[in-house]
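Structure first, then comments.
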Amino acid sequence: MEIKKKNTNIRCSVTQCKHNMLSENYCGLDCICVGTHEQNPTVPECTNCDSFVKRSSTQG
Ligand code: SF4
């Protein structure tokens, strides 16, 4: 079983990500990569967490 530790420096509400701590709204990774899908990002919606991994239905 994967042991996750809350990283209090990275808050995240993306509960569909397997790295999310779910009940606490924190990321469990030591660091993440943030990128963009836009050529000229202007608003937060232009950015992505590139460390996102979809949670499988068997993970809690
Ligand atoms: S990897 Fe990114 S999307 Fe996933 S919990 Fe961490 S910050 Fe959120």
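Both backbone and side-chain heavy atoms feed into the values below; hydrogens, waters and symmetry mates do not. Remember, it's 1-based here, ligands and their atoms both numbered in the order they're listed.
Each protein N, O or S atom less than 2.8 Å from atom 2 (Fe) of ligand 1 was counted, giving 1.
When side chains are defined from C-beta on, Cys12 does not count as touching Asn25, because their heavy atoms never get closer than 4.5 Å.
Val34 and Leu29 fall within the same hydrophobic cluster, where Ile, Leu, Val, Met, Phe, Trp and Tyr residues are linked whenever their side-chain heavy atoms come under 4.5 Å apart, directly or through other members.
A salt bridge (Lys or Arg N to Asp or Glu O under 4.0 Å) check over residues 22-36, counting only residues at least two apart or in different chains, returns the pairs Lys6-Glu24.
A donor-acceptor pair under 3.5 Å is formed between the side chain of Thr36 and the backbone N or O of Cys46.
When the salt bridge (charged side-chain N to carboxylate O under 4.0 Å, His left out) test is applied to Glu38, no partner is found at least two apart in sequence or on another chain.
Alongside Val53, the hydrophobic cluster contains no other residue (criterion: ILVMFWY side chains under 4.5 Å).
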